[in-house]
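We count ligands from 1, going down the list as the structure has it; atoms in each ligand are counted the same way. Every value quoted in this text rests on a predicted model; they were computed, and no experiment measured them.
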Amino acid sequence: MYKIAKENLSALFQLIADNQELYLPVKTAGQTNFGVWSKDADVDLDTLKTVKSAKDAFFPQSEGLYTVRKDGKKMSIEPESLKEQDFVVFGMKACDVKGVEVLDKVFLSDPVDTFYAARRDHGTIVAFACHEPEETCFCKVFGVDAANPASDVAVWTVGEELYWKALTKKGEALTETVKELFTDDADGEAAVEAEKENIHKIVEKLPYMNLSLEGWNGDALSEKFDSPIWEELYKPCLACGTCTFVCPTCQCYDIKDYTAGSSVSRYRCWDSCMYSDFTMMAHGNNRTSQMQRFRQRFMHKLVYYPANNDGMYSCVGCGRCVEKCPQALNIVKVVKAFQNQGGEK
Ligand code: SF4
Ligand code: SF4
């Protein structure tokens, strides 16, 4: 197994960035999010969860689609180019990698989203095992192993060393370009196995890891949809949309235009099912109350999505909504409320 000392990471970043774009967790104004690496970037690999997931690397918060130009009586349409340059997303965690799998089922199904597909083709994911999962994590509930990210390259942190293992052809190709910085460690497997065991021990002690999803699946539609529990649960919701913007699996977007003199550009940007004008149509909106919008978010993650995707849930237990909702509403609270039939929350 290959390893590299943490003190040599800058050289690794430089070598990767010599050949392709490199996205990794960067601290700006006290907040850590994925950003493009530069020599001056304040790289932060110690923070377990970035505020937003690395979803932007494949599905940016805002991206141009095409521009319509008018020249006299002639009109022309210029599509935005698809991603053509290879890039690396370094430092994702197992839950967020699973989040990409959730997005794949939406954007790579027929009709394929070509913008997303191009990014997936050109992106290589280097993900870290979670050295110390936190209290808000419940990835195991959704079948995610925090110690074994299903990425192109998996990395384990052991003391001042990082152990590196390519898991896919993309991962092997990336490894070839940087392996001059690695040393081969015959004892690496044992060190990594010990690290995995430690991670699993921490995971077993976390408060939400044994959350039961019994009763939640694609067959639970009417029973859950018509439950009076939603009427109580939704009330504190401010409709701020924070939960959807930090979520690695939320995939809704809006399409908007802006004008610049003789041209009109069309772009798409993330939207939130928590907003009152979400999917507004000429006749109005199908969901006319915040209760309906709140219910939609959780029904989609726990019932509609699994019904359409072989039982796979559209939540990966990253816990960001647990941390970030200003009103302490989150998917754990919803699942527990149904377990307790609206009693203790
Ligand atoms: S973050 Fe909380 S308050 Fe804001 S929309 Fe989501 S559930 Fe509602
Ligand atoms: S619903 Fe919450 S816990 Fe689940 S993936 Fe989204 S932000 Fe993470």
Side-chain angles (χ1 to χ4, degrees), residues 33-34 47-56 58-59 61 92-106 127 130 133-146 149-150 203 206-213 216 229-252 270-279 287 289-306 309 312-338 345:
N33 272 305
F34 279 81
T47 297
L48 183 73
K49 282 178 244 190
T50 48
V51 177
K52 291 193 295 174
S53 72
K55 181 170 74 176
D56 295 70
F58 301 103
F59 174 40
Q61 189 161 349
M92 285 174 73
K93 302 297 186 309
C95 56
D96 287 352
V97 176
K98 181 80 172 181
V100 175
E101 200 186 318
V102 172
L103 299 181
D104 283 353
K105 289 192 179 290
V106 176
C130 299
E134 295 171 353
E135 281 204 336
T136 52
C137 302
F138 52 106
C139 53
K140 195 183 112 190
V141 173
F142 296 97
V144 177
D145 184 350
V203 162
L206 296 178
Y208 303 141
M209 282 294 187
N210 293 316
L211 188 73
S212 169
L213 292 176
W216 288 98
I229 292 172
W230 298 112
E231 281 293 353
E232 280 307 308
L233 261 181
Y234 95 94
K235 280 184 183 150
C237 179
L238 303 172
C240 66
T242 301
C243 50
T244 51
F245 280 71
V246 297
C247 180
T249 67
C250 278
Q251 68 258 182
C252 294
W270 295 354
D271 202 349
S272 172
C273 55
M274 293 297 204
Y275 294 161
S276 57
D277 61 354
F278 176 70
T279 62
R287 291 188 281 277
S289 70
Q290 193 58 25
M291 186 284 282
Q292 292 174 12
R293 294 187 274 275
F294 184 89
R295 178 176 61 189
Q296 165 65 21
R297 179 161 195 269
F298 298 102
M299 286 293 287
H300 182 237
K301 291 195 177 298
L302 298 169
V303 179
Y304 309 147
Y305 188 96
N309 293 285
M312 186 185 192
Y313 291 100
S314 179
C315 173
V316 294
C318 74
R320 287 187 177 87
C321 59
V322 179
E323 288 180 15
K324 301 296 179 192
C325 172
Q327 295 291 80
L329 290 171
N330 53 66
I331 199 161
V332 173
K333 193 170 253 186
V334 169
V335 170
K336 284 189 168 183
F338 275 85
K345 293 178 186 129

Within C240, is some N, O or S atom less than 2.8 Å away from atom 4 (Fe) of ligand 1?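 Yes - counting backbone and side chain alike, C240 has an N, O or S atom under 2.8 Å.
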Worked verdict on W216 versus Y313 for ring pair (Phe, Tyr, Trp, His ring centres under 6.0 Å): CA-CA 9 Å; W216 288 98; Y313 291 100; 8.5 Å; no
Going by atom types alone, do Q296 and R293 pair a side-chain donor with an acceptor below 3.5 Å?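 Not at all, the side chains of Q296 and R293 share no donor-acceptor pair under 3.5 Å.
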Starting from [atom], which protein heavy atom do you reach first, and at what distance in Å?
| atom | result |
| --- | --- |
| atom 1 (S) of ligand 1 | C243 N, 3.3 Å |
| atom 4 (Fe) of ligand 2 | C315 SG, 2.3 Å |
| atom 6 (Fe) of ligand 2 | C247 SG, 2.4 Å |
| atom 8 (Fe) of ligand 2 | C318 SG, 2.4 Å |
| atom 5 (S) of ligand 2 | V316 N, 3.4 Å |
| atom 2 (Fe) of ligand 1 | C325 SG, 2.3 Å |
| atom 3 (S) of ligand 1 | L238 N, 3.2 Å |

Using every non-hydrogen atom in the two residues, find where C95 and V316 come nearest and quote the distance to one decimal.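 So the minimum-distance heavy-atom pair works out to O-CG2, 3.3 Å.
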Atom of C318, atom of D96 and distance for their closest heavy-atom approach: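 Taking every non-hydrogen atom into account, CB-OD1, 4.4 Å.
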With heavy atoms of G319 as the reference, note each atom of ligand 2 found under 4.0 Å away.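 Every atom of ligand 2 under 4.0 Å from some heavy atom of G319: 3 (S), 8 (Fe).
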In ligand 2, which numbered atoms sit nearer than 4.0 Å to a non-hydrogen atom of K301?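 This gives 1 (S) as the contact atoms.
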Quick one: does F138 get a heavy atom under 4.0 Å from ligand 2?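 Yes, F138 has a heavy atom closer than 4.0 Å to ligand 2.
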Applying a heavy-atom cut-off of 4.0 Å, say which part of P248 lies close to ligand 2: side chain, backbone, both or neither.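 For P248, only side-chain atoms sit under 4.0 Å from ligand 2.
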Would the number of heavy atoms belonging to other residues, nucleotides or ligands and lying under 6.0 Å from CD of Q327 be above 12?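 Atom CD in Q327 is packed in, count exceeds 12.
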Do you see an N/O/S atom of C321, backbone or side chain, under 2.8 Å from atom 2 (Fe) of ligand 2?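 Checking C321: at least one N, O or S atom is under 2.8 Å.
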Quick one: does E135's side chain get under 4.5 Å of V322's, heavy atoms only?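 When only atoms from C-beta onward are counted, V322 and E135 do not touch, as no gap falls below 4.5 Å.
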Do Y305 and V102 have side chains that get closer than 4.5 Å, going by heavy atoms?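 In short, these two side chains touch, coming nearer than 4.5 Å.
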Rounded distance [0.5 Å steps], NZ in K52 versus CZ in R320: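 Spacing of NZ (K52) from CZ (R320) equals 10.5 Å.
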Between A239 and ligand 1, which part of the residue brings a heavy atom under 4.0 Å of the ligand: side chain, backbone, both or neither?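 A239 to ligand 1: backbone contact only, side chain stays beyond 4.0 Å.
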I331: which of C247, C315, C243 passes side chain to side chain contact (heavy atoms under 4.5 Å, CB included):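 Going through C247, C315, C243 one by one, the side chain to side chain contact (heavy atoms under 4.5 Å, CB included) with I331 is satisfied by C315 alone.
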